[in-house]
Amino acid sequence: MIEAVGLTKRYGAQTAVDNLSFQVRPGHVTGFLGPNGSGKSTTMRMIVGLDNPTSGRVTVGGHPFRLLPNAPRQVGALLDAKAVHGGRSARNHLLSLAQLSGIPATRVDEVLGVVGLRDVAKKRTKGFSLGMGQRLGIAAALLGDPQVLLFDEPVNGLDPEGILWVRNLMKQLAAEGRTVLVSSHLMSEMALTADHLIVIGRGRLLADMSVKDFISANSADFARVRTPGTDPREREKLTSSLTEAGGQVLSEPDGALRVTGLPLPRISDLAHAADVRLWELSPHQASLEEAYMRLTQSAVDYRSTADELAGFEPPDLGPYGGGVPQGYGPAPVPDVPHEAFFAPPPPGAVVPRRYPDGTTGTTGTAGTTGTSAPAAAPAGPPADGDPTRHDGRDSNEDAR
Ligand SMILES: Nc1ncnc2c1ncn2[C@@H]1O[C@H](COP(=O)(O)OP(=O)(O)OP(=O)(O)O)[C@@H](O)[C@H]1O
């Protein structure tokens with residue numbers, strides 16, 4: 001198990017990791033998420049003793065990494081796949097690591113096979129592609145057959161087959177009872193790989209919970225409702241009824257309605273009371289990406305100027321957008337106010353916009369560029385009900 005308690009790292013005036021406390025348990029793949037510069041790599045470096053905390057502590061199996069006997073056999077890490085001597089062959093690179101830790105050469109050949117690099121084992125690493133380098137880094141992490149594994153962006157540069165392989169490898173390692181901590185910016189991949197998440201923003205803990213709980217706590221779910229045929233009167237009648245009951249309704253291009261703020265049974269009852277038949281009443285569950293975006297919007301440091309021009313200004317819903325059930329995750333972080341992410345509106349839907357000069361309008365349609373403001377940030381449905389807020393040398397072999 002990895003345990004961080006009050007972990008803090010400052011570089012001069014810059015606080016990279018801020019009072020972070022969490023546990024990474026064995027038997028799970030734990031996703032480590034956060035925007036660029038949020039402190040993931042710094043945290044991982046502190047776990048393996050490459051950086052010293054300014055305050056607080058982090059332990060592996062109850063001990064600081066530097067006090068672990070024969071640490072490489074207990075903790076394996078892929079932190080920077082490029083940190084390899086380019087003049088060495090893949091096999092010699094691993095062999096040098098193995099010799100430092102008393103690991104037999106047979107294990108080197110074993111892990112080369114596991115990561116699929118056997119055929120290029122004698123090639124110098126400076127001729128490796130990004131994906132080959134990642135595979136070599138994973139091989140190095142696996143070398144000591146450790147119980148605790150850290151992977152910083154392991155699928156970076158991998159082809160689809162490689163991504164699938166990494167996903168299965170992580171799961172297999174966890175199923176063997178190991179502790180697996182993986183950082184990634186690929187939310188769709190994390191949704192398939194991780195079962196637990198630790199999310200940080202500007203060095204602080206934003207969430208520590210299962211993927212399932214994370215999505216349901218941070219998602220803006222909606223219902224899709226469709227009335228028979230294309231008779232607009234039916235839709236209008238239903239729209240009035242739903243709006244009067246406190247729902248927010250947007251039209252989708254295919255004539256369906258996107259309804260937020262009302263549970264499905266209530267929508268059904270209201271339709272029945274209004275004598276409107278329904279051909280569709282379906283729940284839309286947010287993706288991990290949507291939930292992640294919703295939670296971390298306010299902790300993003302590096303944003304495209306196009307987002308600013310589009311007046312990206314999500315409303316302040318308070319910590320966790322009011323959506324995190326009691327008992328989940330850490331206490332709210334007061335200085336990192338949570339703001340909402342809005343799922344993109346349906347393509348073609350006319351959406352109100354707010355521009356940087358404070359004016360509003362409906363010049364843009366979803367998926368198209370508005371006439372008076374560049375469209376870049378998704379201007380989504382008003383989940384909070386406020387319609388104005390949106391927001392080498394390759395074949396040279398070593399002598400050996
Ligand atoms: N050696 C260093 N000296 C000074 N500042 C640093 C150093 N290492 C990291 N930082 C700063 O600490 C902050 C956190 O960086 P870190 O690399 O840990 O973030 P990250 O979450 O891994 O980002 P990314 O997703 O882009 O890889 C950043 O502001 C970064 O500039």
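Since this is a predicted model, take the numbers as computed values, not measurements. Order of listing sets the numbers, starting from 1, for every ligand and every atom in it.
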Please report the C-alpha distance between Leu288 and Phe214 in whole Å, then the side-chain angles of each, then the deciding distance to 0.1 Å, and finally whether the side-chain contact (heavy atoms from CB on, under 4.5 Å) criterion is met. CA-CA 8 Å; Leu288 174 61; Phe214 182 81; 3.5 Å; yes
Name the orientation class of the two ring planes belonging to His28 and His196 (parallel below 30°, tilted from 30 to 60°, perpendicular beyond 60°). tilted
With sequence neighbours left out, which residue pairs that include part of residues 27-42 fulfil the salt bridge (Lys or Arg N to Asp or Glu O under 4.0 Å) condition? none
Classify the side-chain pair Gln248/Thr260 by whether it contains a donor and acceptor separated by less than 3.5 Å. yes
So is Glu153 in contact with ligand 1, going by heavy-atom distances below 4.0 Å? no
Measuring from non-hydrogen atoms of Lys9 to any atom of ligand 1, is the shortest distance under 4.0 Å? no
Is it the side chain (CB and beyond), the backbone, both or neither of Arg45 that lies under 4.0 Å from ligand 1, heavy atoms counted? side chain
Does Arg226 pair with Asp254 as a salt bridge, N-O distance under 4.0 Å? no
Which of the atoms in ligand 1, numbered in the order shown and given with their element, are less than 4.0 Å from a heavy-atom of [X]?
| X | result |
| --- | --- |
| His185 | 25 (O) |
| Pro35 | 21 (O) |
| Ser38 | 19 (O), 20 (P), 21 (O) |
| Asn36 | 23 (O), 24 (P), 25 (O), 26 (O) |
| Thr42 | 9 (C), 14 (C), 15 (O), 16 (P), 18 (O) |

Kindly identify the option in Gly39, Ser41, Gly34 whose heavy atom sits closest to atom 27 (O) of ligand 1. Ser41
Using a 6.0 Å distance limit plus a 45 degree cone around the ring axis, check whether Lys126 lies over the aromatic ring of Phe128. no
Listed partners of Arg25 passing side chain to side chain donor-acceptor pair (under 3.5 Å), at least two apart: Gln23
